[in-house]
Amino acid sequence: MNYRSIKGTKDILPSETPLWQFVEQTIREVFRQFNYKEIRTPVFETTSLFARSIGELTDIVGKEMYTFQDRSGDSITLRPEGTASAIRAYIQNNLGEALPLSKVYYIGPMFRQERPQAGRLRQFHQFGAEAIGSPTAETDVEIIAMTIEIYKRLGITNYSLQINSVGDEECRPKYKEILNAELQKIAGQLSTESQKRIDQNPMRVLDSKNENDQKLTAGMPLITDYLNEECATHFAKVKSLLTAYGIPYTVNGRLVRGLDYYTKTAFEITSTELGSQDALAGGGRYDLLVKELGGKQTPSVGFAAGMERLLMILEKKGFQPPQQRPTVFIAAADDAAREWVLTTTMKLRSQGIASECDLLARSLKSQMKEADRQQAEFSLVVGATELESGKALLKHLSDHSQQNIVLEAIAEFFKH
RNA sequence: GUGGCCAUAGUUCAGUCGGUUAGAACGCCAGGUUGUGGCCCUGGAGGUCGUGGGUUCAAAUCCCACUGGUCACCCCA
């Protein structure tokens, strides 16, 4: 075997695409019902777009981006997430001038150069949505509710929703100072990863998964206790709306997401079915990002979710998507009938009837086996005799029943 | 990036203490009375035992390196 797909990339094979298509279709349906419209942006952008929006100090920008120079020497990066591109497109195309609120969704491949493991690939797929232009808590909850609706719709129930408020440009810096002071006291005992973050991003220390770090920081002040009035009111509203919508959640005052642009609401959906990489989806509000990228001050909120992780759960549950199978397989009993079989198959197809016939000049028995393998609903065997009489036996493959059919009326028969 | 485990037909796997033609199941192909699939029966094709080196009279088996896969750490979808 000479060539292999790049490490961390996968072929999605014909045996798997029906599941992908079914799930994508369900997702698009939910987006449509929530009135989000699809946006398709390029899979690569200028590097600084991601660096600026996601944050120079994040893991994504610091060590995970697929960045390279193109032939003109420009630094370009394969998108590691979807929000930055969507916001860039929003600004570039002046979408904010045409509408007060843009509700968009995307679905497609993302790229991060990490060591692959269960639920983690270098090219993976996300779907997500952004509501650009609304400051209200109602919008936050619409985004969260929509995310959950997708899982509900697919029969996924074993997940949990965690929410937090990470404050805004007024209250967060104050809190960070307080937290930083507390962390300094125990700095020497923290993991090296956490030590690095004490000054740069102290809130990430609280979100560390290191057990010892967790113990050491157990009693530390939480952002939720230091929110200013606006953030506190917003957070309270989000919580009460979630309750009103019947969406269970837990508040996790330590939750910080891996992207720096979040303000106020942050949320994460995890599943115990997933193993170590257990995040199914995450999102939050980002009121400063549009301005940061050169647009007007535009409060916004969005989410992103992993396709592969969603599919892992469905596969684990043994979920079977509807199979695509031919309605009829037309078999040629002898060479004299092959041309008729071929043209008739084509005719049926052009009338919207999924049909198949043999292309390998195989024996009748082989053709029947093929019809069975393809799970055709019916088989029709036609040879010289049938062509002469204008009639043939149509067999219902699942119950073995047969009936006579007039060849000229075959299309009509399948239309019912 | 660091670490554990793994690598034998298309697939999932067996392969004894190192020993002579490397097996099974499923899948694939062809048959099982003249023109009908699924079950069953018979036969067949298909392997550079991941790659390269080493030890040995002899390596799928032991050792080393590399490559790939997988899981975990970190972090995240």
Side-chain angles (χ1 to χ4, degrees), chain A residues 1-10 13 15 54 57-64 79-83 107-128 147 191-194 196-197 201 204 207-211 213 255-259 268-271 274-283 303-313 329-337 358 360 362-386 392-402:
Chain A
M1 199 178 297
N2 285 321
Y3 287 104
R4 296 189 53 86
S5 59
I6 302 291
K7 182 202 276 282
T9 69
K10 265 205 163 79
L13 299 172
S15 57
I54 297 167
L57 302 175
T58 59
D59 284 5
I60 293 178
V61 174
K63 56 183 198 190
E64 295 169 7
R79 63 179 185 194
E81 57 105 43
T83 302
I107 176 165
M110 306 292 165
F111 309 84
R112 294 183 200 173
Q113 188 164 357
E114 298 180 84
R115 192 80 168 258
Q117 76 183 76
R120 170 186 288 162
L121 289 166
R122 290 184 170 186
Q123 174 173 339
F124 60 104
H125 297 77
Q126 285 189 335
F127 56 94
T147 312
S191 64
T192 38
E193 283 298 318
S194 288
K196 282 185 220 158
R197 296 197 173 107
N201 197 344
R204 294 286 298 283
D207 202 23
S208 167
K209 282 172 190 163
N210 182 297
E211 259 180 56
D213 288 0
L255 177 69
V256 190
R257 314 247 339 120
L259 304 94
E268 190 166 271
I269 294 170
T270 56
S271 170
L274 280 179
S276 181
Q277 305 305 318
D278 63 353
L280 257 183
F303 84 95
M307 263 296 237
E308 283 84 354
R309 291 184 187 176
L310 166 52
L311 295 175
M312 277 169 78
I313 295 179
F329 190 105
I330 308 182
D334 50 50
D335 286 342
D358 174 55
L360 300 176
R362 283 180 282 188
S363 69
L364 180 59
K365 176 167 177 159
S366 297
Q367 293 181 62
M368 290 303 293
K369 287 183 90 147
E370 190 62 36
D372 187 59
R373 178 163 35 211
Q374 298 294 332
Q375 294 186 280
E377 213 176 321
F378 296 94
S379 70
L380 184 72
V381 177
V382 177
T385 329
E386 285 77 10
L393 271 179
L394 181 72
K395 187 167 182 175
H396 206 283
L397 286 175
S398 56
D399 65 9
H400 318 231
S401 64
Q402 299 196 94

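Residue numbers begin at 1 in each chain, while the letters A, B, ... track the order of the sequences. FYI, side chains are in, hydrogens and waters are out, and symmetry mates aren't considered; it's all heavy atoms of this structure.
One finds no side-chain N or O of R4(A) lying less than 4.0 angstrom from the OP1 or OP2 phosphate oxygen of U51(B). Within the structure, every side-chain polar atom (N or O) of S191(A) is placed at least 4.0 Å from both OP1 and OP2 of C74(B). Between R362(A) and U36(B) there is no side-chain polar atom (N or O) within less than 4.0 angstrom of OP1 or OP2. Between K63(A) and the phosphate of C74(B), there is no side-chain N or O to OP1/OP2 separation shorter than 4.0 Å. Between K196(A) and the phosphate of C75(B), there is no side-chain N or O to OP1/OP2 separation shorter than 4.0 Å.
Taking the salt bridge (Lys or Arg N to Asp or Glu O under 4.0 Å) definition, one finds that R362(A) meets it with D358(A), E370(A), sequence neighbours left out.
Stem list for RNA chain B (at least 3 consecutive Watson-Crick or G-U pairs, distances under 3.5 Å): B:1-7 with B:67-73, B:10-13 with B:23-26, B:28-32 with B:40-44, B:50-54 with B:62-66.
Scanning atom types as modelled, no donor and acceptor separated by under 3.5 angstrom connect the side chain of K7(A) and the base of G68(B). One N or O donor and one acceptor, one from the side chain of R309(A) and one from the base of C76(B), sit under 3.5 Å apart.
Residue K369(A) contributes atom NZ, which lies 9 Å from atom C1' of C28(B) at whole-angstrom precision. In this structure, D358(A) atom CG and G35(B) atom P are separated by 17 Å, rounded to whole Å. Atoms CG (L364(A)) and P (G32(B)) sit 12 Å apart, rounded to a whole Å. The distance from atom CG of L274(A) to atom P of A72(B) is 10 Å, rounded to the nearest whole Å. Put simply, CG on D213(A) is 12 Å from C1' on C74(B), counting in whole angstrom units.
Taking the side chain of S366(A) as heavy atoms from C-beta on, and the options G35(B), G37(B), A30(B), the nearest nucleotide is A30(B). The nucleotide whose nearest atom lies closest to any side-chain atom of K365(A) is, among C75(B), C29(B), G31(B), G31(B). Nearest to the side-chain atoms of R197(A) among the listed nucleotides C73(B), C74(B), G37(B) stands C74(B). Minimum atom distance to the side chain of E386(A) is reached by G35(B), of the listed C74(B), A30(B), G35(B).
C5(B) and A24(B) have their C1' atoms separated by 25 Å, with the value rounded to a whole Å. To the nearest whole angstrom, the two C1' atoms, one in G52(B) and one in U67(B), are 10 Å apart. Here, A14(B) and A7(B) have their C1' atoms 15 Å apart, quoted to the whole Å. Of the C1' atoms belonging to G50(B) and A60(B), the separation is 12 Å, rounded to the nearest Å. Comparing U61(B) with C6(B), their C1' atoms are spaced 16 Å from each other, to the whole Å. A distance of about 8 Å separates the P atoms of U48(B) and A9(B), rounded to the whole Å. A gap of 22 Å separates the P atoms of C40(B) and A45(B), to the nearest Å. Between the C1' atoms of G10(B) and G27(B), the separation comes to 7 Å (whole Å).
Base contact: L121(A) has a heavy atom under 4.0 Å from a base atom. Among the protein residues, R112(A) comes within range of the nucleic acid bases, having at least one heavy atom under 4.0 Å from a base atom. The residue I269(A) sits apart from the nucleic acid: no heavy atom pair falls under 4.0 Å. In this structure, G119(A) reaches the bases: a heavy-atom distance under 4.0 Å links it to at least one base atom across the strands shown. Here K395(A) lies in heavy-atom contact (under 4.0 Å) with a base. As judged by a 4.0 angstrom heavy-atom cut-off over every strand, A333(A) is placed among the base-contacting residues.
The neighbour count for I6(A) CD1, taken as heavy atoms of other residues, nucleotides or ligands under 6.0 Å away, does not exceed 12.
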**OP:** Please step through side chain to side chain contact (heavy atoms under 4.5 Å, CB included) for the pair K7(A) and R122(A), ending with a clear verdict.
**Re:** CA-CA 7 Å; K7(A) 182 202 276 282; R122(A) 290 184 170 186; 3.7 Å; yes

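In terms of heavy-atom proximity, E114(A) sits nearest to E64(A) at OE1-OE2, 3.2 Å.
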**OP:** For nucleotides 1-10 of chain B, just jot down a letter per nucleotide in 5' to 3' order: B, S or -, based on protein non-hydrogen atoms under 4.0 Å.
**Re:** BBB-------

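Side-chain atoms of S271(A) and D278(A) include no donor-acceptor pair closer than 3.5 Å.
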